[in-house]
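Numbering of residues begins at 1 and proceeds along the displayed sequence.
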Amino acid sequence: MTPADAADAARLIAFGLQPKLAPARDAEYAELLRRHREDPSFARLADAIAAGLGLVVLEVSTRAGMAVTAAEDSVFAVRMGDYARRATVDSGDRFLHGLAHLAVAALAFPRPEDLADDGYIGRVTVNGVDAFVRQACRRLEERAAEQGENTDPVTDAPGLEAAWRVYARRSATGATKDARRLAGSTTGIIAKAVTFLVDSGFLQRTGDESGGTYRTTPRYQLQVRDMAGNAAMTELLELGVVPVADGSATLLPPDEADDLDLVADAGLPFHS
């Protein structure tokens with residue numbers, strides 16, 4: 001390997017750090033990807049440079065490009081503070097924004113086989129995510145009541161048990177006379193979360209229905225695979241709101257006596 005080879009490897013990584021850039025639209029990018037696949041020495045060099053930059057290579061393919069994610073100590077890692085500034089997030093709402101991102105990921109890929117299938121495309125809507133979280137909140141509230149736990153809001157406690165108390169008390173759209181979505185409402189928070197994911201190349205907007213409709217990209221699937229072992233995501237899936245084993249991948253039907261009061265026209269993204 002020569003300095004020119006190192007420059008090409010670094011160039012490939014630079015392409016990978018442009019999440020919206022598709023290999024099919026850039027001949028140089030596509031050629032460097034081909035070289036990574038066919039030249040083991042070049043692939044090792046590129047992977048080593050990525051590791052030195054604190055990047056984890058998730059996949060190198062024509063579908064996802066040079067898909068990388070930042071390690072926790074990488075200069076490329078997006079901190080919650082960075083996200084908050086980019087999304088103009090109120091400091092008191094950061095917890096809810098984290099829950100929104102978690103819910104989008106869980107609803108986009110509710111079953112293990114969805115994450116394993118490279119051809120799977122998840123679809124979510126803003127109102128659907130809000131409905132999903134509110135149903136999860138109801139399940140968590142019922143679980144806390146059964147266990148005799150304190151139901152006062154505790155904003156600094158870890159896990160979902162604290163999150164549902166805060167989320168459930170927040171308005172879905174706000175209190176404007178024309179019912180416009182306020183930034184601090186739950187659908188406003190979700191809208192900011194999905195906009196950030198679009199800007200990051202993880203989601204693509206497909207329509208305006210149900211508060212905004214979106215489809216997943218291969219890069220987002222790889223990112224969610226990487227975080228699938230996250231304890232909070234596991235807890236959210238295990239609530240039973242989204243089945244992960246029966247293949248239906250839909251919200252469970254409510255009990256006859258259970259009024260879930262889901263968001264009107266939620267447009268929940270049922271998957272076949």
A.B. asks: If hydrophobic clusters are built by linking Ile, Leu, Val, Met, Phe, Trp and Tyr wherever their side-chain heavy atoms come under 4.5 Å apart, do L115 and F132 end up in the same one?
C.D. replies: yes

A.B. asks: Verify the cluster assignment for L107 and L222: are they in a single hydrophobic cluster under the rule of side-chain heavy atoms below 4.5 Å apart?
C.D. replies: no

A.B. asks: Please tell me whether T217 and Q204 have a donor and an acceptor in their side chains that are separated by less than 3.5 angstrom.
C.D. replies: no

A.B. asks: Which pairs with one or both residues in residues 213-223 pass salt bridge (charged side-chain N to carboxylate O under 4.0 Å, His left out), sequence neighbours excluded?
C.D. replies: none

A.B. asks: What pair of heavy atoms forms the shortest contact from F109 to G122, and how long is it?
C.D. replies: CE2-N, 4.4 Å

A.B. asks: Quick check: closest heavy atoms across Y120 and T216, and the distance to 0.1 Å?
C.D. replies: O-OG1, 4.5 Å

A.B. asks: Output, in order, the C-alpha distance, side-chain angles, deciding distance and verdict of side-chain contact (heavy atoms from CB on, under 4.5 Å) for T62 and R37.
C.D. replies: CA-CA 10 Å; T62 54; R37 293 194 307 273; 3.6 Å; yes

A.B. asks: Test side-chain contact (heavy atoms from CB on, under 4.5 Å) on V126 and Y214 and set out the steps.
C.D. replies: CA-CA 9 Å; V126 169; Y214 302 83; 4.0 Å; yes

A.B. asks: Out of curiosity, does L197 fall in the hydrophobic cluster containing L102 (side-chain heavy atoms, cut-off under 4.5 Å, transitive links)?
C.D. replies: yes

A.B. asks: Supply the atom-to-atom distance Q221 CD to D118 CG, rounded to the nearest 0.5 angstrom.
C.D. replies: 6.0 Å

A.B. asks: Of all the heavy-atom pairs spanning L12 and F42, show the shortest one and how long it is.
C.D. replies: CD2-CE2, 4.2 Å

A.B. asks: Side chains of Q223 and T69, heavy atoms from C-beta outward: is any pair under 4.5 Å?
C.D. replies: yes

A.B. asks: If the threshold is 4.0 Å, N to carboxylate O, is there a salt bridge linking R35 and D5?
C.D. replies: yes

A.B. asks: For residues D130 and T186, is any side-chain donor paired with an opposing acceptor at under 3.5 Å?
C.D. replies: yes

A.B. asks: For residues 43-60, tabulate all N or O donor-acceptor pairs below 3.5 Å that involve a side-chain atom, not counting sequence neighbours.
C.D. replies:
from, atom 1, to, atom 2, distance (Å)
R44, NH2, S41, OG, 3.4
D47, OD1, H36, NE2, 3.1
E59, OE2, S61, OG, 2.6
E59, OE2, R63, NE, 3.0

A.B. asks: Using side chain to side chain donor-acceptor pair (under 3.5 Å), reason through T213 and T125 one step at a time and then give a plain yes or no.
C.D. replies: CA-CA 4 Å; T213 60; T125 70; over 6 Å; no

A.B. asks: Only pairs under 3.5 Å count here: list side-chain donor-acceptor contacts from residues 13-26, not counting sequence neighbours, and write none if there are none.
C.D. replies:
from, atom 1, to, atom 2, distance (Å)
Q18, NE2, A14, O, 3.4
D26, OD1, E28, N, 3.1
D26, OD1, Y29, N, 2.9

A.B. asks: Where is the tightest heavy-atom contact between R205 and G212, given as atom of each residue plus distance?
C.D. replies: NH2-CA, 3.8 Å

A.B. asks: Should D114 and R225 count as an ion pair when the cut-off is N to O under 4.0 Å?
C.D. replies: no

A.B. asks: Please round to the nearest 0.5 Å and tell me the distance separating atom CG of L203 and atom CZ of R123.
C.D. replies: 12.0 Å

A.B. asks: What closest approach, in Å, do F202 and Y220 show between heavy atoms, and which atom pair accounts for it?
C.D. replies: O-CB, 3.0 Å

A.B. asks: Using side-chain contact (heavy atoms from CB on, under 4.5 Å), reason through E31 and L33 one step at a time and then give a plain yes or no.
C.D. replies: CA-CA 5 Å; E31 172 58 24; L33 288 173; over 6 Å; no

A.B. asks: Taking all heavy atoms of G211 and all of N127, pick out the closest pair and write down the distance.
C.D. replies: N-ND2, 3.7 Å

